[in-house]
K.L.:
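Dropping a structure here in structure tokens format, bear with me for questions.
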Amino acid sequence: MKEIAIVGYQQSDAVSDAGACNEVELIIPVISKVYDQVGIKNAQDVDFVCSGSCDYLQGAAFAFVMGVDALGAVPPIKESHVEMDAAWALYESMLKIRMGHADSALIYGFGKSSPGELPIVLSQQLDPYYLAPQWVDTISLAAMQARLMLDKGLISEQDMAEVVSRSRRNALNNPHAQLAGDVSVQDVLAQETYVSPLRKADICPVSDGASAMVICTVEKAKEWGLPYAVISGIDHCIETHNPGMRDLTDSVSTRKAAENAGVHNGAVDVAELYAPFSHQEIILARALGLGDATSVNPSGGVLAGNLMMASGLSRIGEVFNRIVSGEAQRGVAHATSGPCLQHNLVTVIEQAKEAA
Amino acid sequence: MSEQTTENTDVITGIEAPIYLKYNFTAGAAPARFLTQVKEGVLTGQRCPQCAQVYVPPRGSCAACGVPTEEEVVLSDKATVQSFTIVSIPIPGNSIEPPFVVANLVPDGANISFIHLMSECDNADVHIGQRVQGVWKPQEEWGYSMDNIRYFKPLDEPDVPVEKIGKIPVEGWEG
Ligand SMILES: [Zn+2]
């Protein structure tokens with residue numbers, strides 16, 4: 001099986017309102033940067049393009065098709081899209097490469113969540129008979145999950161505040177972060193609750209932006225002469241759409257995906273986890289079996305800025321950055337989708353063997 | 001176990017679950033510049049720095065080359081019919097009487113067509129290559145909308161041959 005390398009990753013700033021930008025204007029700046037990083041001219045120079053986005057976010061039908069205007073699809077290119085986070089576009093691109101249909105791929109995700117009421121918009125991803133008609137929003141569902149954990153003694157509010165404090169401080173080193181600052185646990189606990197037991201700081205912000213990545217076979221990375229990191233494992237698992245039938249205090253699907261992706265086959269220096277709510281980072285770290293030796297969300301994670309449909313890809317990109325810089329040898333990236341961590345994708349990224 | 005069986009259960013064939021979502025929709029920076037000019041009665045396009053094609057309405061990129069289009073170009077409200085269809089059903093909420101003509105029109109100075117209505121013509125006479133011009137609403141009714149042009153009507157100019165459609169300069173077509 002062909003080994004697959006990440007050779008480029010770029011992200012826009014996470015901003016609370018991207019203003020008048022349309023999808024093309026969100027995508028072009030990040031893909032131009034990733035072209036420059038990899039030394040290619042445009043999408044014609046890769047074998048496959050796959051994107052992740054959701055038209056419900058900005059309320060623009062077929063925005064995902066309009067986004068193709070950013071690519072330069074003359075002569076025609078091989079292109080695909082997932083109505084999911086672009087981490088799953090990476091998954092599709094890896095399948096394409098492993099089947100031998102491509103040697104390289106451009107992946108991008110974009111989300112403009114500011115035009116709508118995001119927690120309400122996301123209620124429409126719930127089952128259409130019982131939950132969506134009740135408009136159960138994502139924050140309320142996450143609050144119930146946090147309440148279950150607190151009541152069972154699995155976490156404390158202090159634990160949640162520690163996640164927030166670490167995120168804000170780590171984000172000081174992330175130029176793309178929307179929320180960063182020297183925030184203490186006491187500062188967080190002093191906030192009033194918003195949707196009990198969640199404080200506003202426990203909830204990721206609503207952000208606009210995009211991210212992009214180029215992956216290819218290791219042979220191609222060498223041909224291009226680029227620093228790269230290897231994707232040594234990837235898997236995703238999903239749980240039932242009915243939150244009442246799940247153990248919301250655990251993430252069984254993350255644990256299973258982690259086993260299949262080979263997370264435990266070596267030390268994990270760094271982990272970037274897609275936890276839109278503070279308590280979910282604790283669930284994920286436990287499901288992934290991460291210990292004190294792992295630096296969790298050094299970028300600040302999505303509590304510092306949540307680019308819907310791009311943040312999962314960004315987690316992979318953040319781990320990639322730390323591996324090519326030599327900061328870490330091996331890392332884990334996690335992406336999620338659906339309410340209360342319903343669907344989870346786990347990627348293991350390792351230093352190139354030549355560099356070890 | 002419940003005693004209830006499917007025999008005494010109503011068959012439910014549908015439920016009502018209307019969806020209302022509110023958005024502050026924005027057209028994009030490039031379309032916003034276009035709409036601002038339309039409000040002043042001017043049609044503008046954007047030229048690709050690579051292939052020189054002029055797009056109207058602009059979206060901010062050349063779809064063919066995948067590069068940002070920044071150069072703004074003033075276009076004519078004279079245009080050429082690239083393709084058309086005759087619509088025989090009414091548009092809900094619109095006063096236009098069927099049958100009416102919807103056409104892909106390339107304005108002079110641009111290379112890409114937009115869709116608009118045609119009127120003041122015999123529908124049976126509408127044809128590809130036909131020359132038309134915009135009929136504007138009174139200036140006091142102009143807004144950020146292509147509806148500032150009510151429709152396009154035929155011009156007394158020679159037809160544009162198919163291979164020249166989309167290549168007419170802003171100065172116009174002499175035939
Ligand atoms: Zn072009």
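Every value quoted in this text rests on a predicted model; they were computed, and no experiment measured them. Letters A, B, ... are given to chains in the order of the sequence lines, protein chains preceding strands, and every chain is numbered from 1.
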K.L.:
Looking only at heavy atoms and a cut-off of under 4.5 Å, which of A/A18, A/G59, A/P133, A/S32 has the most pairs with chain B?
P.N.:
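Of the candidates given, the most pairs with chain B belong to A/G59.
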K.L.:
For a 4.5 angstrom cut-off between non-hydrogen side-chain atoms, does B/L21 reach A/E117?
P.N.:
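Contact flag for B/L21/A/E117 side chains = no.
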K.L.:
Could you list which of residues 66-88 of chain B have a heavy atom closer than 4.5 Å to any heavy atom of chain A, in residue-number order?
P.N.:
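Those residues of residues 66-88 of chain B which have a heavy atom under 4.5 Å from chain A are B/G66, B/V67, B/P68.
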K.L.:
Could you check which of A/V74, A/N42, A/I27 has the highest count of heavy-atom pairs closer than 4.5 Å to chain B?
P.N.:
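Of the options given, most contacts go to A/V74.
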K.L.:
Within a 6.0 Å radius of atom NZ on B/K153, are there more than 12 heavy atoms belonging to other residues, nucleotides or ligands?
P.N.:
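Incorrect, the count does not exceed 12.
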K.L.:
Evaluate whether atom CD of B/E16 has more than 12 neighbouring non-hydrogen atoms of other residues, nucleotides or ligands under 6.0 angstrom away.
P.N.:
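Check fails, neighbour count at 12 or below.
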K.L.:
Under 4.5 Å from any heavy atom of chain B, what part of A/Q44 do you find: side chain, backbone, both or neither?
P.N.:
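For A/Q44, neither part sits under 4.5 Å from chain B.
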K.L.:
Does a side-chain heavy-atom distance below 4.5 Å link A/W135 with B/I19?
P.N.:
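Yes, at least one pair of side-chain atoms sits under 4.5 Å.
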K.L.:
Which atoms of B/A27 are under 4.5 Å from chain A, going by heavy atoms: the side chain, the backbone, both sets, or neither?
P.N.:
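B/A27 touches chain A through backbone heavy atoms alone.
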K.L.:
For the CD atom on B/E163, are there more than 12 heavy atoms of other groups (residues, nucleotides or ligands in this structure) within a distance under 6.0 Å?
P.N.:
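Atom CD in B/E163 is crowded, with more than 12 foreign heavy atoms closer than 6.0 Å.
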K.L.:
Measure distances from A/I77 to the heavy atoms of chain B and classify the residue's part below 4.5 Å as side chain, backbone, both or neither.
P.N.:
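Neither the backbone nor the side chain of A/I77 comes within 4.5 Å of chain B.
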K.L.:
Between A/E25 (side chain) and B/A30 (backbone), is there a donor-acceptor pair under 3.5 Å?
P.N.:
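It does hold such a pair.
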K.L.:
Quick check for you: among B/P31, B/C65, B/G28, which has the greatest number of heavy-atom pairs under 4.5 Å with chain A?
P.N.:
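Of B/P31, B/C65, B/G28, B/G28 has the most heavy-atom pairs under 4.5 Å with chain A.
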K.L.:
Got more than 12 heavy atoms from elsewhere within 6.0 Å of CD1, B/I15?
P.N.:
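More than 12 heavy atoms, drawn from other residues, nucleotides or ligands, come within 6.0 Å of this atom.
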K.L.:
Is the OH atom of B/Y151 crowded by more than 12 outside heavy atoms at less than 6.0 Å?
P.N.:
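Yes.
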K.L.:
Side chain, backbone, both or neither: which part of A/P128 has an atom under 4.5 Å from a heavy atom of chain B?
P.N.:
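Only the backbone of A/P128 comes within 4.5 Å of chain B.
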K.L.:
Sort out for me which residue in A/L71, A/V24, A/N22 forms a side-chain contact (heavy atoms from CB on, under 4.5 Å) with B/S61.
P.N.:
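The option that passes is A/V24.
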K.L.:
Please classify the contact between A/K112 and chain B as side chain, backbone, both or neither, with a heavy-atom cut-off of under 4.5 Å.
P.N.:
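The answer is the side chain of A/K112.
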K.L.:
Say you draw a straight line from OH of B/Y23 to OG of A/S113; how long is it, rounded to the nearest 0.5 Å?
P.N.:
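It comes to 9.5 Å.
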K.L.:
More than 12 non-hydrogen atoms from neighbouring residues, nucleotides or ligands closer than 6.0 Å to CD1 on B/I91, yes or no?
P.N.:
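More than 12 within 6.0 Å, yes.
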K.L.:
Just how far is it from atom CZ of B/F25 to atom CD of A/Q58, taken to the nearest 0.5 Å?
P.N.:
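If I round to the nearest 0.5 Å, the distance is 7.0 Å.
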K.L.:
I'd like to know if the side chain of B/R59 reaches the main chain of A/M66, judged simply by a donor and an acceptor atom lying under 3.5 Å from each other, with no hydrogens or angles considered.
P.N.:
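Flag set: sc B/R59 to bb A/M66 pair under 3.5 Å.
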